[in-house]
Amino acid sequence: MDLKHSRSVKLNDGNLMPVLGFGTFASKEIPKSKAAEATKVAIDVGFRHIDAAYFYQNEEEVGQALRDKMADGTVKREDLFYTTKIWITFLRPELVRQCLERSLKKLGLDYVDLCIIHIPIAMKPGEELLPKDANGKFIFDTVDIRDTWEALEKCKDAGLSKSIGVSNFNHKQLELILNKPRLKYKPTCNQVECHPYLNQSKLLEFCKSKDIVLVAYSALGSHRDSSWVSSDSPYLLEDPVLMTIAKKHNQTPGQVALRYQLQRGVVVLAKSFNEKRIKENFQVFDFELTPEDMKTIDSLNRNFRYSQMALRYLRSCNNFAGFYPVQKEDPRPAWLHE
């Protein structure tokens, strides 16, 4: 990733992805209108990579923001790189296109730049985002990921998405796709939780070896939404090591955390609905961390995940083997490990 001459990385299908993206996820208590306002600010600041999802339930508002900024001449459609995701209740191959088309309708766009499988676990199809039975347990579905991928390939062929990829996959799940008979397109990227406390070094090395771009979410340590994040989780941006390095470079700890990913060759997503922080998060191209800084930040890794979603699924599920071939003696979903 040549940050001195380009702010984009070429994907394995030839398309360009901006290396710094703006995340649009918001917890339930935040009005959806805030997503529109923040997206407009992000575009005005310089963000061109917008990361969203069907699950976020705010694509109507984000889409309006995109159309407003195109209408006022700030950007053209081809300047933007928009990502959406196929939710887990749409992983049956006959439902994949339906999910993408729903997103496109809400957005008011003809195509997205990237469409990815959100999470490698399938749930019962329907309008409920997280379907549960009468006892409050999640209702899972049996789907072969290779069939889901084939349906996503057809969406690319139909011009609904320029590029396709995955999210929350480990190397074994990626190999399942890569070794698929009659594979037409490789995943261009794998979006995963990644930050100094969970640097995903092994997965990053594997993805690079397969020409798959790793995209980092929760790069700033994640929001504090109690639905997904434990209240006793450490505050990454208050880490004394990051604060010391930030002070040395006259930057914020958040800027250091983002720059760290960029220098590792990771595309990084920054999420904030605060105007000041949105501006700060984009100002990561005019300083450089030293090799010593990078090594020091590497040492912060503790394989700590902010997202508790995996653990919640684990407690609610008796058998994960339906969607992916996992070992019988290990009931965990494979995406819990690198």
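In what follows, every heavy atom counts, from backbone to side chain, and hydrogens, waters and symmetry copies are set aside.
The number of heavy atoms from other shown groups lying within 6.0 Å of NZ (K180) is above 12. Remark: D72 CG is packed, more than 12 non-hydrogen atoms of other residues, nucleotides or ligands lying under 6.0 Å away. For NZ of K248, the number of neighbouring non-hydrogen atoms (other residues, nucleotides, ligands) closer than 6.0 Å is greater than 12.
What you find for R302 and D239 is that their closest heavy atoms are NH2-OD2, 4.3 Å. Across A219 and A257, no two heavy atoms sit closer than the pair O-CB, 3.8 Å. Of all the heavy atoms in K271 and F25, the pair that sits closest is CD-O, 3.0 Å.
Between H118 atom NE2 and Q191 atom CD the span is 7.0 Å, to the nearest 0.5 Å. One distance of note links CD of E280 with CG of L258; it measures 10.5 Å at 0.5 Å rounding. Summarising the geometry, atom CG belonging to N281 is positioned 11.0 Å from atom CG belonging to L269; distances are rounded to the nearest 0.5 Å.
A side-chain donor from one of D293 and T290 sits under 3.5 Å from a side-chain acceptor of the other. Counting only N and O atoms by type, the side chains of H171 and Q173 include no donor and acceptor under 3.5 Å apart. Under the 3.5 Å distance criterion, with hydrogens and angles disregarded, no donor-acceptor pair is assigned to the side chains of S218 and E193. Between the side chains of Q255 and R259, not a single donor N or O lies within less than 3.5 Å of an accepting N or O. Under 3.5 Å, the side chains of Y185 and D157 contain a donor-acceptor pair of N or O atoms.
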Which donor-acceptor pairs under 3.5 Å do side chains of residues 107-116 form with protein atoms, sequence neighbours excluded?
{"residue": "D113", "atom": "OD2", "partner": "R77", "partner atom": "NH1", "Å": "3.0"}
{"residue": "D113", "atom": "OD2", "partner": "R77", "partner atom": "NH2", "Å": "2.9"}
{"residue": "D113", "atom": "OD2", "partner": "Y82", "partner atom": "N", "Å": "2.8"}

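We find that E175 and R146 are not joined by a salt bridge, their nearest charged nitrogen and carboxylate oxygen being 4.0 Å or further apart. We find that D68 and K40 are joined by a salt bridge, their nearest charged nitrogen and carboxylate oxygen being less than 4.0 Å apart. Between K34 and E61 there is no salt bridge, since no side-chain nitrogen of the basic residue lies less than 4.0 Å from a carboxylate oxygen of the acidic one. With respect to the salt-bridge test (charged N to carboxylate O, under 4.0 angstrom), the residues E275 and K279 qualify. Classification of D13 and K162 as a salt-bridged pair fails, no side-chain N sitting under 4.0 Å from a carboxylate O.
Aromatic ring centres of Y54 and Y56 lie farther apart than the 6.0 Å criterion allows.
By the criterion of side-chain heavy atoms lying less than 4.5 angstrom apart, applied directly or through intervening Ile, Leu, Val, Met, Phe, Trp or Tyr residues, L183 is grouped together with I117 in one hydrophobic cluster. Both L130 and I121 are part of a single hydrophobic cluster, where members link through side-chain heavy atoms under 4.5 Å apart. Note on L129: it clusters hydrophobically with I88, by side-chain heavy-atom contacts below 4.5 Å among ILVMFWY residues.
Using a distance-only test at 3.5 Å, with no hydrogens or angles considered, no donor-acceptor pair links the side chain of T89 to the main chain of M123. Side chain of N58 to main chain of T24: a donor-acceptor pair is present (N/O by atom type, distance under 3.5 Å, no hydrogens or angles).
Taking the six-membered ring where tryptophan is involved, the planes of H195 and Y306 are perpendicular, since the angle between them exceeds 60° and thus also 30°.
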Could you go through the side chain to side chain contact (heavy atoms under 4.5 Å, CB included) check for K184 and K156 one step at a time?
CA-CA 10 Å; K184 190 167 186 180; K156 175 177 169 66; over 6 Å; no
